[in-house]
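As a basis for the values below, the full set of heavy atoms in this structure was taken, side chains included, without hydrogen atoms, waters or symmetry mates. Counting convention: from 1, in listed order, for ligands and their atoms alike.
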Amino acid sequence: MSKKRYLALTGGVGGAKLALGLSQLLTAEQLSFAVNTGDDFEHLGLHISPDIDTLVYTLSGQSNPDTGWGRRDESWQFMQSLEQLGGETWFRLGDRDLAMHIQRTRQLAAGKSLTEITNRLAKALGIEHQILPMSDDPVRTRVQTQSGWMDFQEYFVKQQCRPAVTGFEYSGSEMAAINPQLVELLHSDNLAGILICPSNPFVSIDPILALPGMRQALIDSKAPVIAISPVVGGTAIKGPTVKMMQELSIPNTASWVAGHYADVLDGFVLDQQDAGLKAGVESLGLSVNCTQTVMNTLEDRVALAQDCLDFLHQLN
Ligand code: FO1
């Protein structure tokens, strides 16, 4: 049987960019996504799954191009009315986006799994690719800061990433089961490659890798595993990755990210600006591909996706 299936691990806005590029090159039979659910939280009585929604909106062309999260062409009547009533409006829920959270919450209350609900919602928005929540069990990223532990959205949105971080935990991960459909995919013989997308290592990828058995499954997989650096020239394209690294006294380099994932990787993708780091990353026992990883246009997203597929093909 020809190897023909790819799996991308993603979370957040950065990962969704490459996910979109991959979705333009590979059919639903050739590509599945495993997405972080550590950002999930209960808010206003709703179950909100931000990284699932960022991926779903991005793949369906519905995402807000300025923020990367929420929907484009949004209106904010609900938020305005909630404000008037003294409700919590720090986490911005647009009128169109609200429908997603209402529908998910109702389906969960009806006993459906997050996986089943995600599949229905994605299909409703015209997405054919399989989007697998990393687990149907609750995993919640929590951030340790100088002012104590806080839930992820409290840190990321309410506190706007201001507190200095000193650590993370992915509460519930020790008891959580990897999505069975993801386990099946990881063990399948026709897997041609696994990609760790350029997402924040600490709050988008590590929650996935923290699931019992996940790192081992990647190590044992017959498919080559590559990661694309979320750090370019010492800066993060988007979000608090570099700020977190500095606060944790970690070198804000692509090399550090390569080392962080090295035990599960076969290859690492550096931006051409970081070509000078190639030998260092190779000394970790990894193959290295240097290319343009900064994605400003759809063409950039597709070009990087193609580079990654070519790289995986070389590693097979
Ligand atoms: N991020 C913000 O910085 N501010 C917001 O008000 C906000 C609202 C929001 C609503 C729905 C959704 O799916 C995502 C939202 N995000 C918001 C992003 C969210 O915090 C994600 O966890 C980040 O994208 C990190 O992955």
Practice task
Report the member of F156, W69, F152, Y155 with the shortest heavy-atom distance to atom 16 (N) of ligand 1.
Solution key: W69
Handout entry: Residue selection (non-hydrogen contact nearest atom 3 (O) of ligand 1) among V157, N200, D53
Key = V157
Problem - Nitrogen or oxygen atoms of D97 and ligand 1 under 3.5 Å apart - result: no
Exercise for the section: May I ask you to decide if S75's main-chain N or O and R96's side chain share a donor-acceptor pair within less than 3.5 Å? Expected result: no
Exercise for the section: Examine F41 and M150 and state if one hydrophobic cluster contains both, with Ile, Leu, Val, Met, Phe, Trp and Tyr joined whenever side-chain heavy atoms are less than 4.5 Å apart. Expected result: yes
Exercise for the section: Decide whether an N or O pair under 3.5 Å exists between R92 and ligand 1. Expected result: yes
Exercise for the section: Could you tell me whether some N/O pair between T54 and ligand 1 is separated by less than 3.5 angstrom? Expected result: no
Practice task
Would you confirm whether the ring centroid of W256 sits within less than 6.0 angstrom of the ring centroid of F202?
Solution key: yes
Problem - Nearest option to atom 10 (C) of ligand 1, as decided by whichever heavy atom of W90, F91, Y57 sits closest - result: F91
Exercise for the section: Heavy-atom contacts with G12 under 4.0 Å: which atoms of ligand 1 show up? List them by number with element. Expected result: 26 (O)
Exercise for the section: Decide side-chain hydrogen bond (donor to acceptor under 3.5 Å, both in side chains) for T297 and D300; before the verdict, give the C-alpha distance in whole Å, the side-chain angles of both, and the deciding distance to 0.1 Å. Expected result: CA-CA 5 Å; T297 64; D300 292 344; 3.2 Å; yes
Practice task
Give a yes or no on whether I178 and M175 share a hydrophobic cluster (residues Ile, Leu, Val, Met, Phe, Trp, Tyr; joining criterion: side-chain heavy atoms under 4.5 Å apart).
Solution key: no
Practice task
Say whether D51, considering both its backbone and side-chain N or O atoms, lies within less than 3.5 Å of an N or O atom on ligand 1.
Solution key: yes
Problem - Linked, directly or transitively: L125 and V13 (ILVMFWY side chains, under 4.5 Å) - result: no
